[in-house]
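The sequence lines fix the lettering, A, B, ..., with proteins before strands; numbering per chain opens at 1. Heavy atoms only: backbone and side chains are in, while hydrogens, waters and symmetry mates are out. All values derive from a computational prediction rather than experimental measurement.
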There are 4 protein chains.
Amino acid sequence: LPKGRIETLADGVFAIAMTLLVLDLRVPQALATGQVLPLLRQLAPNFLTYALSFANLGVYWVGHHVQFDSIRRADTRLLWINIVFLLLIGLIPFSTALLGAAPLDPMAVQVYGANLLLAGLALLWSWRYATEGRRLVDPDLGAERVRLGTVRSAVGGGVSVLAMALAFLDTRISIAIFSLVPLYFIFPAAFHRLRR
Amino acid sequence: LPKGRIETLADGVFAIAMTLLVLDLRVPQALATGQVLPLLRQLAPNFLTYALSFANLGVYWVGHHVQFDSIRRADTRLLWINIVFLLLIGLIPFSTALLGAAPLDPMAVQVYGANLLLAGLALLWSWRYATEGRRLVDPDLGAERVRLGTVRSAVGGGVSVLAMALAFLDTRISIAIFSLVPLYFIFPAAFHRLRR
Amino acid sequence: LPKGRIETLADGVFAIAMTLLVLDLRVPQALATGQVLPLLRQLAPNFLTYALSFANLGVYWVGHHVQFDSIRRADTRLLWINIVFLLLIGLIPFSTALLGAAPLDPMAVQVYGANLLLAGLALLWSWRYATEGRRLVDPDLGAERVRLGTVRSAVGGGVSVLAMALAFLDTRISIAIFSLVPLYFIFPAAFHRLRR
Amino acid sequence: LPKGRIETLADGVFAIAMTLLVLDLRVPQALATGQVLPLLRQLAPNFLTYALSFANLGVYWVGHHVQFDSIRRADTRLLWINIVFLLLIGLIPFSTALLGAAPLDPMAVQVYGANLLLAGLALLWSWRYATEGRRLVDPDLGAERVRLGTVRSAVGGGVSVLAMALAFLDTRISIAIFSLVPLYFIFPAAFHRLRR
């Protein structure tokens, strides 16, 4: 089977999930002059939740994109693994909104982290299935590239587990970790400079 | 006519239908600490409905994907058969929500089963139209492949009819059947092991 | 410019517009046994509106598909003509819902007819612009094919004008005309048999 | 990395953002005869907001389309710059609705202008990154084409800054400027005639 349609379906689900939290940014039909700033202030947590959800979906979308760049063809089993992946992706706006509503509750961090972890595991499952015996990738795909793809998926999951564990100390540490991951991808140079 | 755009339109409609039930997972703007778990418990039936709808849409999406892999080109009639198919696909989130709201009511099972059955018949119609006299497929597509595609579509419909009939005995049997179909596709190995 | 992205954007807007009226089919979280049928009866007008909107969007989607099959490339002006077309397509669920809410009010028929007419004119505009001097089509595209595309777009508009005029007699005649157009495309054989 | 999937994701986000404000055009399930016109009059500001949002999203979609026509391939950094761009695109329906709700409040103009300005800067960022040292474009892409792309993105931003500054004089001047930009793209000939 060709792989093009999983990509289109995935792009569609990602586009919808990314814009889902915009629906919470509701504007009344008429606003008295001077009421714009109070409305923005009231919606401030929703903006943050929208941006965090968008950014984390970005991490998984880029991961999916990079993975499917190496995949050559599909079979029905790979389609199904990706449907499970997309089901978990569709839940990210919900679990991000939950984190935004109860940022100090360790339970909200657990749900959010579990969502990201499971999505990461599904992505890893897809990669393992496709590369096992070079099933759906180029037969001469280097072992190094396969290992790198595995590590990349595992790192995301590892970060989630770490953040979930630290939530029992202070949920703000967990939220900082979750927020840094996308920032690292958007501004890698700033992080490298910081490290030096 | 090229077939690419039916596929894009179908992927778009499927992506929307798959994520439609996420809209029911509403989170209040602020949650007191300790209120996360009660909210999750309250939304539990919605999660199940979301997963069931996603999974059954997955069955039809994979079926559509496999079918169009054999189809080479389109004509306006095939486009229209597929528009009817997509109209029925767009109703699956509704009929799944109905089943989630009244799981013990045989009427809800009938509506849900009829929705799946009609979608299966539309998919079968599309296949019959495309393969009749090898109209829109490769002229040398084997008769075995054509028959297999017909059987695959018919099996889905047969399962629906069976589940609809058993609903008069106990609707929980029907729901179990509907849930097993996608699980069979996701974990085929487990089922094969069970059979042995 | 390549034409692929107008097609993807159009397919996305069509997929959203087609499924928009599904959002009105709301199910309560729990339904007492025996309440399924009353709910379906209450939602009956919404089902009809959904199907009518889906079918009419289908007419324009097929028209757009057939038109772009002949178009070879795009320029920014063609993109803009199509953005105007898609703006009107996005309004079809609204004007169909309006017609469903006030089927006996000639005003609702005028709004609905005007929406379809304007969308048809935008599609005609796109075709005229692309074919004028063979600007964006194959230089050897036959004059007959160009004329046929013009007639096809004009016919849709003509039907709308006719239905709008007859609304002052009886709006039910107009609604019958609007409903027959998609039915003609789905079951052409039945109509041809009827004519004989 | 291939560039096709950024385009599909972008087209999906644009299609959703363009149709988002249609959700505000709500129709009651039944309307008494003669109530159609009052409803249309009541929704008039929503129609304007929908059209303005659609048109401005059109400006950025065409800009993205033209830009990616010159881009040959992608890397993860370009993907991320575009995710930031799409995050800002997803906010345009919100800031347009805000402008529609408080058209005389300079604050609403600032928010709207800032949204357009930031989206323009993200598009410029994407172009600069791709063309710097001909990183992701054809090595022989002319310096004139690169400069033209830069100017085009900068002009949009400049118009936003101008409109934001004039809002302190009279917000209606700003709104006129914002509305003329898409009109200029749709009917360029009329503007050129006016200039002469």
Which bit of [X] is near chain A, if near means a heavy-atom gap under 4.5 Å: side chain, backbone, both or neither?
X	value
Ile89(D)	neither
Val13(D)	both
Arg5(D)	both

Chain D-proximal positions within residues 16-47 of chain A [heavy-atom distance under 4.5 Å]: Ile16(A), Met18(A), Thr19(A), Val22(A), Leu23(A), Leu25(A), Arg26(A), Val27(A), Pro28(A), Gln29(A), Ala30(A), Leu31(A), Ala32(A), Thr33(A), Gly34(A), Gln35(A), Val36(A), Leu37(A), Leu39(A), Leu40(A), Leu43(A), Phe47(A)
May I ask you to decide if [Y]'s main-chain N or O and [X]'s side chain share a donor-acceptor pair within less than 3.5 Å?
X	Y	value
Arg72(D)	Asp69(D)	yes
Arg152(D)	Arg147(D)	no
Asp75(A)	Leu78(A)	yes

Between Thr76(D), Ile6(D), Val84(D), Leu91(D), which shows the greatest number of heavy-atom pairs under 4.5 Å with chain A? Leu91(D)
When Thr8(D), Ile81(D), Thr49(D), Leu104(D) are compared by non-hydrogen pairs under 4.5 Å with chain A, the top option: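 The residue among Thr8(D), Ile81(D), Thr49(D), Leu104(D) with the greatest pair count is Thr8(D).
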Which residue pairs pass the salt bridge (charged side-chain N to carboxylate O under 4.0 Å, His left out) test with at least one member in residues 99-127 of chain A, sequence neighbours excluded?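 Residue pairs passing salt bridge (charged side-chain N to carboxylate O under 4.0 Å, His left out), neighbours aside: none found.
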Show me the donor-acceptor pairs within less than 3.5 Å that the side chains of residues 155-175 of chain A make with the rest of the protein, sequence neighbours left out.
unit_1: Ser160(A); atom_1: OG; unit_2: Gly156(A); atom_2: O; d: 3.4
unit_1: Asp170(A); atom_1: OD1; unit_2: Arg172(A); atom_2: N; d: 2.9
unit_1: Asp170(A); atom_1: OD1; unit_2: Arg172(A); atom_2: NE; d: 3.2
unit_1: Asp170(A); atom_1: OD2; unit_2: Arg172(A); atom_2: NH2; d: 3.1
unit_1: Thr171(A); atom_1: OG1; unit_2: Pro103(A); atom_2: O; d: 2.7
unit_1: Ser174(A); atom_1: OG; unit_2: Ala163(A); atom_2: O; d: 2.8
unit_1: Ser174(A); atom_1: OG; unit_2: Ala167(A); atom_2: N; d: 3.2

A side-chain contact here means heavy atoms from C-beta on lying under 4.5 Å apart; do Tyr50(A) and Thr96(A) qualify? no
Would you indicate whether the side-chain heavy atoms of Arg134(D) and Val146(D) approach each other to under 4.5 Å?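 Result yes, sub-4.5 Å side-chain heavy-atom pair found.
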Taking non-hydrogen atoms and a cut-off under 4.5 angstrom, which of residues 54-63 of chain D neighbour chain A?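 So far as heavy atoms go, nothing in residues 54-63 of chain D approaches chain A to under 4.5 Å.
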Under a 3.5 Å cutoff, is there a donor and acceptor pairing between the side chains of Arg128(A) and Thr150(A)? no
Are side-chain N/O atoms of Tyr129(D) and Asn82(D) paired as donor and acceptor at under 3.5 Å?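 No - no donor-acceptor pair under 3.5 Å links their side chains.
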